[in-house]
Amino acid sequence: MAAEGDGPAILVTNDDGVRSEGIDALCEVLKELGTVYVVAPDRERSAASHSLTLTHPLRVEKLAPRVYSVDGTPTDCVNLGVNGILRGKKIELIVSGINKGANLGDDITYSGTVSAAIEGTLLGIPSIAVSLVTRNRFRFDAAADVALSVTRRVMEQGLPEDTLLNVNVPNVAKKEIRGIRLTRQGKRVYDDLIVEKRDPRGRKYYWIGGDHLRSEDVPGSDLEAVEQNFVSITPIHLDLTNYAALRTLRKWDW
Ligand code: MN
């Protein structure tokens, strides 16, 4: 194990906030691979997506050696971390997580956790997002193990250009995990997404996000893998072009 403060610089962030247990679990294992810096939001910013704060200043607080909180989004944290707070240090790798909740299928478009890895990728730094597939009773031990081995592998091999890894780990005991599957992005089915209620003064309010989440059957998908207690690793690229559609559209008479 590298002594604390030695080795390549690894930046850890998340969208659950700097005080989330998922960050602690990740830092604990990653310090085996290098010097771990944390730059994370000062509060939960789940579903912040890839938003960047441009309309007001950002404040940074140093909470402990190499641990910083920012009153911004996960994307702000990566950008500010790499280009500001840690400028001059060569960040070798960014790991975002361990998120308290899945980032599977279409949900990754909302995800602050995945977006932090997107920002890292845009900055040319190999980036990994790690999420725990549950809504409660989080158990980070297996996910931390997976994060360590995936990070180690990426440090050895690098990543293909323009690509991040979206890792989702079932919330089960280590021995119940059946292995790793390399997967494609699946399809969520959203039911009862809007909850409508009345406040104590009789006015309606709405809450986005119903409880019953299903998925379409997509063979080889991230959702299928975690349902079967496999770790899912999906390579995500930032080129959003739909090449099949491009071929179709080129045949149109424009
Ligand atoms: Mn989150």
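FYI, the numbering just counts along the sequence from 1. Counting convention: from 1, in listed order, for ligands and their atoms alike.
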Problem - Within less than 2.8 Å of the Mn ion (ligand 1): protein N, O or S atom count - result: 4
Problem - Residue Asp199 excluded, over 12 heavy atoms near CG under 6.0 Å - result: yes
Practice task
Count the heavy atoms belonging to other residues, nucleotides or ligands that lie under 6.0 Å from CZ of Arg181, then report whether that count exceeds 12.
Solution key: yes
Problem - Asp107/Arg188 ion pair, N-O < 4.0 Å - result: yes
Problem - Distance-only polar pair, side chains of Thr183 and Ser232, donor-acceptor under 3.5 Å - result: yes
Practice task
Give the ring-plane orientation class for Tyr205 versus Trp207, where under 30° counts as parallel, over 60° as perpendicular and anything between as tilted.
Solution key: perpendicular
Problem - Positive for side-chain contact (heavy atoms from CB on, under 4.5 Å) with Thr151, one of Val167, Val130, Ile128 - result: Ile128
